[in-house]
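For reference, the structure discussed in these notes is given below.
Residue numbers run from 1 in the order of the sequence given.
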Amino acid sequence: MNARLTITNKLIIGFGSVLLVVIANGLVTYSTSNTNRKLNEDILNIYNPSLTGLRECNVMVNNSMMLIKNWVYIDKIPDTPDKRKLQTMHDVQFPKLQSELTEMSKNWEESERDALMLILTGINDTLFRYHKEIMGSLKSLLDYEDIFIKMEAEGMVEEGGQIIDVTNKILEQIEALTEVISQKTEDANKEMAASFAWFQNFVIYSVFIIVFIVIVVSVITARSIVVPVYKLKEFLLTMTKGILPKEKLVTNNDEIGDMGDALNGFIESLRRTSEFAVEIGNGNYNSDYEALGEEDTLGNALLEMRKNLRSSDEANKKRQHEDEIRNWTTKGLADFGDILRHNSENM
């Protein structure tokens, strides 16, 4: 037994397929755009600001080395611009930068946060501590005239001194961490570019797939619904001209097929009715015929007509028989009278 696939089911399957493809396309589009949005936010809000902060830290450490050297060798009087710059760096600029980097590092990996903490600790606890020792020992012009204090300070800022070594080490650490964050930024940019390229191809292919599915659904719908309906129309138009189609309507296992089967049955009934009417017209009142039901107006009318015609025919035959008897009697009497007239003298 073939499974029955109704028109509603066909429409649901057809348009449901298109809907599923559209929904899948929408989900993929949303997922891709969400991924790209996340990558873009990471680049704009994490990686780029982190790189900016690390580069600013690099510049600040480099500048601090120049300013502390100026403090030792050049700026011997108190409150020079460079000395104020170094003091501002210690008191304002670096604490602010440290706070910003610490906040941004919450979105970093643990190893990157550890590297940053190592850098910040080295600056605060080692480099700036050395700075403050020099800044505290060389406050006035008299301090610069003290040869022991001056030599100790110069030894710290000369090549191989503590400040130079610590500064170079911190700069190397900053450079290494900057490379890591920069690589992540580059990877995120590449991933986003690749995602956009993939999404562009996906959109092109999905358009072709949707068009293909729409065409397939349209063809299937036309073949399963439109073509049978058009064939039904042809049959009905033929019947309106009084012509009964000879071939049967090919039907499917759906509602249109039910209508086709009903139409085939109706045509067959009309053909039997027509043949019955012809038999009646030929005087064959004994041909087999059954009405489709109590409400079959035409069939019951023909049966009633056959009954009336049969009764009328039987009455006519009876009258003909009676007429024949009367004619025979009349003719016999006439023949007998004629014999008597011509043979009245011959007993």
Side-chain angles (χ1 to χ4, degrees), residues 43-108 111-182 184-185:
I43 292 171
L44 293 177
N45 300 327
I46 300 175
Y47 299 134
N48 285 345
S50 298
L51 285 175
T52 301
L54 289 172
R55 286 168 183 152
E56 185 178 347
C57 185
N58 186 292
V59 171
M60 194 175 293
V61 171
N62 268 312
N63 288 340
S64 72
M65 183 169 59
M66 179 194 68
L67 292 173
I68 197 64
K69 283 185 176 182
N70 289 345
W71 191 299
V72 174
Y73 292 110
I74 299 174
D75 298 329
K76 295 182 180 181
I77 61 175
D79 200 27
T80 62
D82 283 349
K83 285 185 175 181
R84 287 197 298 271
K85 284 182 182 180
L86 184 60
Q87 194 65 52
T88 302
M89 183 185 295
H90 278 237
D91 297 338
V92 179
Q93 294 176 345
F94 182 74
K96 180 182 177 183
L97 179 61
Q98 181 179 7
S99 176
E100 293 173 354
L101 286 172
T102 302
E103 184 64 27
M104 284 185 286
S105 68
K106 293 178 180 179
N107 298 305
W108 298 0
S111 59
E112 297 161 357
R113 286 197 299 271
D114 292 341
L116 178 65
M117 292 306 299
L118 186 63
I119 292 170
L120 297 178
T121 302
I123 295 173
N124 274 318
D125 297 346
T126 305
L127 180 62
F128 281 3
R129 181 171 60 82
Y130 289 147
H131 286 186
K132 289 176 181 177
E133 287 181 7
I134 293 176
M135 293 161 65
S137 62
L138 296 175
K139 290 183 178 180
S140 64
L141 189 57
L142 293 176
D143 295 330
Y144 284 93
E145 293 177 353
D146 189 326
I147 189 170
F148 296 105
I149 296 176
K150 187 74 164 41
M151 286 179 62
E152 184 179 359
E154 289 176 353
M156 294 178 68
V157 298
E158 288 177 352
E159 195 66 33
Q162 298 97 316
I163 290 180
I164 300 301
D165 290 343
V166 170
T167 300
N168 290 334
K169 183 180 179 181
I170 291 174
L171 289 175
E172 289 176 0
Q173 293 172 343
I174 294 174
E175 185 65 28
L177 183 56
T178 301
E179 287 181 4
V180 171
I181 302 298
S182 180
K184 279 198 167 186
T185 306

If I take atom [atom1] from residue [X] and atom [atom2] from residue [Y], how far apart are they, to the nearest 0.5 angstrom?
X      : Y      : atom1 : atom2 : answer
Asn45  : Ser50  : CG    : OG    : 10.0 Å
Thr80  : Leu67  : OG1   : CG    : 9.0 Å
Ile119 : Ile170 : CD1   : CD1   : 8.5 Å
Ile174 : Leu120 : CD1   : CG    : 8.5 Å
Thr102 : Met117 : OG1   : CE    : 6.0 Å
Arg55  : Ile181 : CZ    : CD1   : 11.0 Å

Check [X] against [Y] and note the closest heavy-atom contact, atom names and distance.
X      : Y      : answer
Lys150 : Val72  : CE-O, 3.4 Å
Met89  : Ser64  : SD-CB, 3.5 Å
Ala153 : Ile134 : O-CD1, 4.1 Å
Asp125 : Arg129 : O-NE, 2.9 Å
Leu51  : Thr185 : CD1-OG1, 3.6 Å
Leu177 : Glu112 : CD1-O, 4.0 Å

Would a 4.5 Å heavy-atom cut-off, applied to side chains only, mark [X] and [Y] as touching?
X      : Y      : value
Glu100 : Lys96  : yes
Leu101 : Leu116 : yes
Lys83  : Ile77  : no
Asn63  : Met60  : no
Glu152 : Glu133 : no
Leu86  : Asp82  : no

### Task
Quick one: which residue pairs count as a ring-ring contact (aromatic ring centres under 6.0 Å, His included) with a foot in residues 44-88, not counting sequence neighbours?
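Output for this query is empty, none listed.
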
From CA spacing to verdict: side-chain contact (heavy atoms from CB on, under 4.5 Å), Ile46, Met104:
CA-CA 6 Å; Ile46 300 175; Met104 284 185 286; over 6 Å; no

So with a 6.0 Å cut-off around CD of Glu159, is the heavy-atom count from everything else above 12?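 Count not over threshold, so no.
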
When you look at CG of Leu44, are more than 12 heavy atoms from neighbouring residues, nucleotides or ligands closer to it than 6.0 Å?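 Yes.
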
Is the His90 ring parallel, tilted or perpendicular to the His131 ring (thresholds 30°, 60°)?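 If you compare the ring of His90 with that of His131, the planes turn out tilted.
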
- Message: Set out, in order, the CA-CA distance, both residues' side-chain angles and the distance that settles side-chain contact (heavy atoms from CB on, under 4.5 Å) for Gln87 and Met135, then state yes or no.
- Response: CA-CA 9 Å; Gln87 194 65 52; Met135 293 161 65; 2.9 Å; yes

Whether [X] side chain and [Y] backbone form a donor-acceptor pair below 3.5 Å:
X      : Y      : answer
Thr126 : Ile123 : no
Ser99  : Pro95  : no
Ser105 : Trp108 : no

Just one of Thr167, Ile164, Asp165, Ile163 clears the side chain to side chain contact (heavy atoms under 4.5 Å, CB included) bar with Tyr130, so which one?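 Result: among Thr167, Ile164, Asp165, Ile163, Ile163 is the only option passing the side chain to side chain contact (heavy atoms under 4.5 Å, CB included) with Tyr130.
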
